[in-house]
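Everything below concerns the one structure shown next.
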There are 2 protein chains.
Amino acid sequence: MRFETSTIKDIAKALGLSTSTVSRALRDRYEISDETKKIVLAYAEKVNYRANPIARSLKERRSYSIGIIVSEIANNFFSQVINGIESIAYANDYHVIISQSHESHEQEKLNVEHLASRSIDGLLIALSSETQDIDYLRDLYAKGLPIVFFDRVPDNFETHKVIANNFKGSFDATEHLILSGKRTIAHLTNSETLSNTKERLEGYKAALAKYHIEFNEELVKFCQHGGMHSAELEHAVKQLLPLKPDGIFISSDRLTTGCIMALKKTNPEVAHKIAIAGFTNSNLVELFSPSLTTVKQPAFEIGQVATELLISMIEAKRPVTEFETKILDTELVRMQKNLGNRFL
Amino acid sequence: MRFETSTIKDIAKALGLSTSTVSRALRDRYEISDETKKIVLAYAEKVNYRANPIARSLKERRSYSIGIIVSEIANNFFSQVINGIESIAYANDYHVIISQSHESHEQEKLNVEHLASRSIDGLLIALSSETQDIDYLRDLYAKGLPIVFFDRVPDNFETHKVIANNFKGSFDATEHLILSGKRTIAHLTNSETLSNTKERLEGYKAALAKYHIEFNEELVKFCQHGGMHSAELEHAVKQLLPLKPDGIFISSDRLTTGCIMALKKTNPEVAHKIAIAGFTNSNLVELFSPSLTTVKQPAFEIGQVATELLISMIEAKRPVTEFETKILDTELVRMQKNLGNRFL
DNA sequence: AAAAACTGTGCAATCGTTCCCAAAAACGTA
DNA sequence: TACGTTTTTGGGAACGATTGCACAGTTTTT
């Protein structure tokens, strides 16, 4: 801010003390007498003194803020994660700086580097769907920047990670489709390189195996751009339909809504005949038609846990060497046949 | 960051120059000889020198970053606005810091003050629905912090403002309901204190007047918390239904989805009989059932225009005294009878 | 040839804090 | 009283960058 606020120097001058005394009094250090503390605190209160975080950052080489990288804030899952992050961060006197990668590796890298240069104390990141090369993160990590991955995590990077139980979530959703009588179940999913894509594919396969349904590679469609381009989705749907699936299991928020949209747009006559189960944290699913079964990730909790781990790394006195990967359970919300479908 | 990067001092030492010379060379000042500049630039490049933004902020008392306050990022309208803001900010070498007020005045104030203390160069803000007292913003503004309001703007504050054409948007939506034969049209809206609530109410009234439909105060329900509490919404819906409305015009994103949800939950048998028109920027409306007519705000553009105005204020050499209120047109998206309703 | 002007560089202060190191004051003990 | 401790305070150097001012050395002007 280009305008004047009162500083520690002003207080020192006004009270006839030195800046060091004032600084210590404000931080409630043991060396300062209670009397002096009281005077300083009272005066600081009176002039509405606020420590300048910029100056403090420069001096302490830390900023009490943590950086967040997600692909899109306009995504229910990520905005819920962010709320979880904020809840823990604020409680521990950290602030957060949010950046969007828009699923672009280049943008992700730029954002991370800018955050790093602004002295963030730690980084929470869900990789973009494009990202494969994470050497730039390795460099920062090696230089001492604590990093915790969530949702989309690399497998060859030793640090804390927090994810949903993607395997079980997918298994449950696929099993649900099978138990409601479906036999030709397609799987629409994200970029093949993402960690959760792999895990979800495994869950899907496992459910098929359990019920002795043969896995058919053709029924699996990967979307490199994660539903960011509707053309990509429509293309995938167009390829799937000739195989006459009676169910589709979809593995991401954006793909789930995008797929239904594509179905309604290109093949409205079959949209309501295919059972759909998909990952999504949208709080509007109850309004959707056709209605669907959803796998909900514990987004808020993922944010909380990731932040707790990050703060523990930041505040650790000695380098952390034991890392954990926390896996949080998803929730299967079954399609509500009675609502949505009946009254239209 | 707590780890070492090369500084201007390191370069100076390595090259046998003074820090001032290095600083000037890096900023391409005329006083420095081309030869020296070349040497410095080459070396800086080699050691991958990055100016420390924290140090620069402290010295220059500005940060090349702008603060954003919205109520919720998990709101399509706001996340689209943010994307618009980012597009202009990045193009002008500013970074953005996003904060959420969660419709709480207290939180809003805390966030603004934290942003201010972090030397943001300007502020873009949509007031929380609770906010009535904006004296704290006045103080900051008086001290020199440029502020641009968008979407929810105060009427007694002289600065740039950017809003959608709320009057016309509401008028169009209400007229649409009238033209499709509805005569008892309820209006569900936000906190009475918000600027856009007033404007939208006027548009609603004007449309009724045009078609000689008497305005009935009982048909208007205000929601203080803007749909953040489902109980509030359900209560409003419960009060409206006995009046037998055949149409409802809803004036905000969250209320629109919340109202449909409440209708389906509490009175599923009438949910499909009442025509709904509402403000929303959700990109999922095509999936909704019952389907509805929507008023879409030019969110991305609002963000862009607001940011342009803010940057012009920040970079103005002399205090700005001429302010404008930009009003951008909304778009009416009529309900698609053929989709959504037919196949279920 | 002396004075004036211009070039290119360095010194040192500054932004607001924190913190090491010393020094002063207060106290206790012999 | 003199000395050693403990408690409380102040001086001043950082942190990394910018910039007004001074000062050489060179060039131009008169």
Side-chain angles (χ1 to χ4, degrees), chain A residues 1-41 43-44 47-65 93 116-121 144, chain B residues 1-41 43-44 47-65 114 116-121 144:
Chain A
M1 212 134 38
R2 56 173 82 32
F3 50 86
E4 71 304 314
T5 44
S6 48
T7 73
I8 244 176
K9 236 182 252 177
D10 301 331
I11 298 183
K13 199 177 298 173
L15 262 35
L17 293 169
S18 74
T19 59
S20 13
T21 305
V22 175
S23 171
R24 280 187 273 247
L26 289 170
R27 333 182 82 230
D28 202 24
R29 292 305 192 81
Y30 68 97
E31 305 110 313
I32 305 297
S33 69
D34 287 350
E35 202 184 353
T36 311
K37 273 184 193 165
K38 212 173 296 174
I39 297 174
V40 171
L41 253 37
Y43 188 80
V47 299
N48 192 30
Y49 168 78
R50 291 282 117 99
N52 181 329
I54 300 279
R56 188 202 281 236
S57 290
L58 180 60
K59 180 66 191 164
E60 296 193 350
R61 315 176 106 209
R62 59 173 302 192
S63 62
Y64 297 93
S65 62
D93 288 323
S117 77
R118 297 223 40 112
S119 297
I120 52 164
D121 298 342
Chain B
M1 211 133 40
R2 57 171 78 36
F3 50 85
E4 69 306 311
T5 46
S6 48
T7 72
I8 241 176
K9 233 183 254 179
D10 300 332
I11 298 183
K13 198 178 298 173
L15 261 38
L17 291 170
S18 74
T19 59
S20 24
T21 304
V22 174
S23 171
R24 280 189 269 249
L26 289 170
R27 333 188 82 230
D28 202 24
R29 293 306 192 81
Y30 69 97
E31 306 110 313
I32 306 297
S33 69
D34 287 350
E35 201 184 352
T36 311
K37 275 183 192 166
K38 212 173 294 175
I39 297 173
V40 171
L41 254 37
Y43 189 79
V47 298
N48 192 30
Y49 168 79
R50 290 281 116 98
N52 181 329
I54 300 276
R56 190 203 280 237
S57 289
L58 181 61
K59 178 68 186 146
E60 297 191 358
R61 316 176 106 212
R62 60 171 302 188
S63 62
Y64 298 92
S65 62
H114 176 254
S117 77
R118 296 221 42 110
S119 296
I120 51 164
D121 298 341

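Just so we're on the same page: letters track the sequence lines, and every chain starts at 1.
- When the local axes at the two ends of the helix from C:dA1-D:dT30 to C:dA30-D:dT1 are compared, using 5 base pairs at each end, they differ in direction by 60° after rounding to 10°.
- The side chain to side chain contact (heavy atoms under 4.5 Å, CB included) test applied to A:Ser20 returns A:Ser18, A:Arg24, not counting sequence neighbours.
- Listed by chain and residue number, A:Asn48 satisfy the side-chain hydrogen bond (donor to acceptor under 3.5 Å, both in side chains) test with A:Arg50 (two or more places apart in sequence, or in another chain).
- Applying the side chain to side chain contact (heavy atoms under 4.5 Å, CB included) rule to B:Ser63 yields the partners A:Arg118, B:Ser57, B:Ser65, B:Ser119, B:Asp121; only residues at least two apart in sequence or on another chain are considered.
- For the side-chain hydrogen bond (donor to acceptor under 3.5 Å, both in side chains) test, residues two or more places apart in sequence or in another chain that qualify with B:Thr36 are B:Ser33.
- For A:Arg27, the salt bridge (charged side-chain N to carboxylate O under 4.0 Å, His left out) test picks out A:Glu60, with sequence neighbours left out.
- Residue whose closest nucleotide on DNA chain D sits further toward the 5' end, between B:Ser20 and A:Gly16: A:Gly16.
- The side-chain heavy atoms of A:Leu15 and A:Ile39, taken from C-beta on, include a pair separated by under 4.5 Å.
- Applying the side-chain hydrogen bond (donor to acceptor under 3.5 Å, both in side chains) rule to A:Asp93 yields no partners; only residues at least two apart in sequence or on another chain are considered.
- A:Lys9 is linked by a side chain to side chain contact (heavy atoms under 4.5 Å, CB included) to A:Thr7, A:Thr19, counting only residues two or more places apart in sequence or in another chain.
- Shown for residues 47-58 of chain B: residues whose heavy atoms fall under 4.0 angstrom of DNA chain C, namely B:Leu58.
- The outermost nucleotides of DNA chain C lying under 4.0 Å from heavy atoms of chain B, listed 5' to 3', are C:dG8 to C:dG16.
- Scanning residues 23-33 of chain A for heavy-atom distances under 4.0 Å to DNA chain C yields A:Ser23, A:Arg24, A:Arg27, A:Arg29.
- Protein chain B touches strand DNA chain D; the 5'-most and 3'-most nucleotides with an atom under 4.0 angstrom of its non-hydrogen atoms are D:dC15 to D:dG20.
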